[in-house]
Novice: 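Below you'll find the structure I mean.
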Amino acid sequence: MTIPADFLHLPLTQPVVIITLVLIIILCAPLIFSRLKIPNIVGLILAGVAVGPYGFNLLARDASFEIFGQVGILYLMFLAAVEIDMYHLRRNYRKGIVFGLITFFVPMAVGIPITHWLLHTGWTTSVLISSMYASHTLISYPVVSRFGLSNNRGAVIAVCGTIVAVLLALLALAEVVAVRVSGRFDVMNLVWLLGQMIVYALGVGWSFPVVTRWFFRKTSDSVMQFIFILTLVLVASTLAKLIGLEAILGAFYAGLILNRFIPSRSALMHRISFVGNAIFIPYFLIGVGMLINVHVIFRGWGVAQAAAVMTVTALATKWLAARGSQRLIGLGRNERRLMYGLSSGKAAATIAATMIGYQYGLLTEDMMNGAVVMILVCCIVASVGTERAARSIRIALSAAEMENEAPARAGFARQVVAVSNPLTAEGIMRMAVFMRNPLNTEPITALFVRRNDDVALQRDGRQSLLIAHAAAGSMDVECREVERFDLNVMAGVTNVMREYHATEVVIGLHRRSNIVDSFFGSIIEQLLRSTDKMVIMSRCFIPVDTLRRIFVYVPRNAEYETGFCEWIARVSNLGAQLSCPVHFLCMAATGEYIEAHISEGGYAVRRQYAHMESWDDFIILSSQVREEDLLIVVGARKGSVSSTGDYENMPSFLGRNFRHHNLALIIPGQFGGNAVPKPDKSILSV
């Protein structure tokens, strides 16, 4: 057997061999470098240096690295935007803008004179090089994701600041090129670019949600949804490039727009994270390493001087910006270290500025090589600094979580999800999972109860169990399937709830089959009489992920019910995980108790309160509910303190006016819930 000559020729050119070697690097580099206490990101970059054209020349930086590397940096920015909880973003975006301005202007103000004096450059070149100091890339963001700190205050502020700093750096770069070409500063070019940016932001911000909501309602296949989302990201990136911005800004903006359609616990989010962290982002990091030529350091004093000045200035000014922001915003030491780690990495925008500067004759070869060395050192510092800061924050958070673990775990839901229809099983299971605390590790029970040996009924029931189990599994929730033969559905559900010590049952909302049928149906009415646990009935005509708002009707005196705290927790978890605003329609006194419990529980949910004084107020307020919204009605058992004459009109009202709306009914548990918290009126935001 003879081996083809191109298999042995370096750099390798066989596609299968190239892919194999890259996968071996992705697999082995973290294992090797972790033993040396070197962050995985640094390991992949150093591996790229070793196998690249300036190392052992095993691989050439061909079109595959160009394509996968470019998609990798776009993916990195997109993930950074998607993983941020919009609640935390809204709370911290002003601080992020402040940090972005500081982390741009400090390197520019310090870098321009230092570069001019120490490297003996012209003012135009000094501005260009200082824009490299000011811009940065979230190259160490995978570390934040790995430690589960995407919603940490320091991480959110750093991500927001990145966009501000990169945008300003790109504007500075564009003006430097304009001055180089035309010999003067043209304000109209800047105004024209800003105008295009506004049109771009409005167009993408309006069209992407409309198209995404339509597509998600047409198909529930998570693979097709993944392809659709990736297409939108690339479209947004291409449009940003067409108007003169960097593609990474488009990818980040697409992530912000699509954030609410990709819940953190959805199957779609798992696929997005998996593909990015397994293929695209490692490819990008290896590609960055292949660009770096460490031999240039020894070519002469000019390269070493340029590299030293640029590296020290870049790292020092970013540290000053993080330190100043810490004092101005009021952050902790570890949060400042995390911000510095995230904002000190250099890659995409810096590489672009280096290439453009060399192309237009603004940078000498020594300066270009010095910039490459700066990129390598900054990537290493950023990765090491981010990992150390993230580890410190995670240790502190874990200690706090351990102190509160026992009481929190005692309040975790143990749900039974009763299914029988394959068409609705997935939606009911997803609703149940979104209502759980994300830290809840209790298994969820998917239940099908059959009363006879009807073959068609058994087939539908078992198919429903499979669908429900798959839906829970795709959201990383352990699910046990239970098929039970019992005298009737009600007896089967209540017996299983007792066996597994369930706190609640989630079931599909009954659909009336004839004119004399009741709104709840006989099975639900029997169930309410047979158990004092919380009962949640759900009916969604659209995917849960595409809900826009949640309206919650709360009856008078609901705060005196035993299960008051439990249903607030379920609704708050649902709103937080779907990034939906929750509108409570309730009495003023009840609203105070609701706000007190949400604030005490620290639920990251946007909420508003519309006060009612009578049944007529609810009729008027309920007219705001649209078909893309969810109306949740907090009910009451007959004879309970919140069961009034007004509530008795609810079934007929819903049957007449909300037949085509997404609807959920929650009947709180009785006899054994938590005590009602006292409202703290100083934190009310009604």
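As a basis for the values below, the full set of heavy atoms in this structure was taken, side chains included, without hydrogen atoms, waters or symmetry mates.
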Novice: Could you tell me whether the side chains of N495 and D486 share a donor-acceptor contact shorter than 3.5 Å?
Specialist: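 A pair is found: one side chain offers a donor N or O, the other an acceptor, under 3.5 Å apart.
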Novice: What pair of heavy atoms forms the shortest contact from C586 to V554, and how long is it?
Specialist: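 Looks like CB-CB, 3.8 Å.
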Novice: Can you measure from CZ (R626) to CG (L631) and round to the nearest 0.5 angstrom?
Specialist: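 If I round to the nearest 0.5 Å, the distance is 12.5 Å.
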Novice: Apply side-chain contact (heavy atoms from CB on, under 4.5 Å) to the pair Y75 and V275, showing each step before the final yes or no.
Specialist: CA-CA 9 Å; Y75 219 101; V275 173; 3.8 Å; yes
Novice: Start with the C-alpha distance between S273 and E83, add both sets of side-chain angles, then the distance that settles side-chain contact (heavy atoms from CB on, under 4.5 Å), and finish with yes or no.
Specialist: CA-CA 9 Å; S273 299; E83 290 183 350; 4.1 Å; yes
Novice: Identify the heavy atoms of E504 and I536 that sit nearest to each other, and give their distance.
Specialist: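 For E504 versus I536, the nearest heavy atoms are OE2-CD1, 4.0 Å.
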Novice: Anything under 30° is parallel, anything over 60° is perpendicular, the rest tilted; go ahead and classify Y603 against H597.
Specialist: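 The arrangement is tilted - the two ring planes meet at 30° to 60°.
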Novice: Please determine which of F208, F228, F226 meets the ring-ring contact (aromatic ring centres under 6.0 Å, His included) test together with F215.
Specialist: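 Only one option passes, and that is F228.
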Novice: Can you check whether H583's main-chain N or O pairs, donor with acceptor, with R607's side chain at less than 3.5 Å?
Specialist: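 Here the side-chain-to-backbone pair does not exist.
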Novice: Nearest 0.5 Å please: distance from the CZ atom of F541 over to the NE2 atom of H661.
Specialist: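 The CZ atom of F541 sits 10.0 Å away from the NE2 atom of H661.
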Novice: Do R430 and D545 meet the salt-bridge criterion of a basic N to acidic O distance under 4.0 Å?
Specialist: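 Salt bridge between D545 and R430, a charged N being under 4.0 Å from a carboxylate O: yes.
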Novice: Starting at CZ of R570, measure out to OG1 of T503 and round the result to the nearest 0.5 Å.
Specialist: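 Result: 5.5 Å between the selected atoms.
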Novice: Do you know the tightest heavy-atom contact between A390 and V143?
Specialist: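 Looking at all heavy atoms of both residues, the closest pair is CB-CG1, 4.2 Å.
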Novice: Any chance you could measure I26, atom CD1, to L21, atom CG, to the nearest 0.5 Å?
Specialist: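 The CD1 atom of I26 sits 10.0 Å away from the CG atom of L21.
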Novice: So, taking the atom named CG in L447 and the one named OG in S464, what distance separates them when rounded to the nearest 0.5 Å?
Specialist: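 The CG atom of L447 sits 11.0 Å away from the OG atom of S464.
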Novice: For R91, enumerate each residue passing the side-chain contact (heavy atoms from CB on, under 4.5 Å) test, keeping only those at least two apart in sequence or located in another chain.
Specialist: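 So R91 forms a side-chain contact (heavy atoms from CB on, under 4.5 Å) with Y87.
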Novice: Is any side-chain N of the basic residue among R548 and E627 closer than 4.0 Å to the acidic one's carboxylate O?
Specialist: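 Looking at R548 and E627, the cut-off is not met.
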Novice: Measure the OG-CD1 distance between S579 and I84 for me, rounded to the nearest 0.5 Å.
Specialist: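 Going from the OG atom of S579 to the CD1 atom of I84 covers 11.5 Å.
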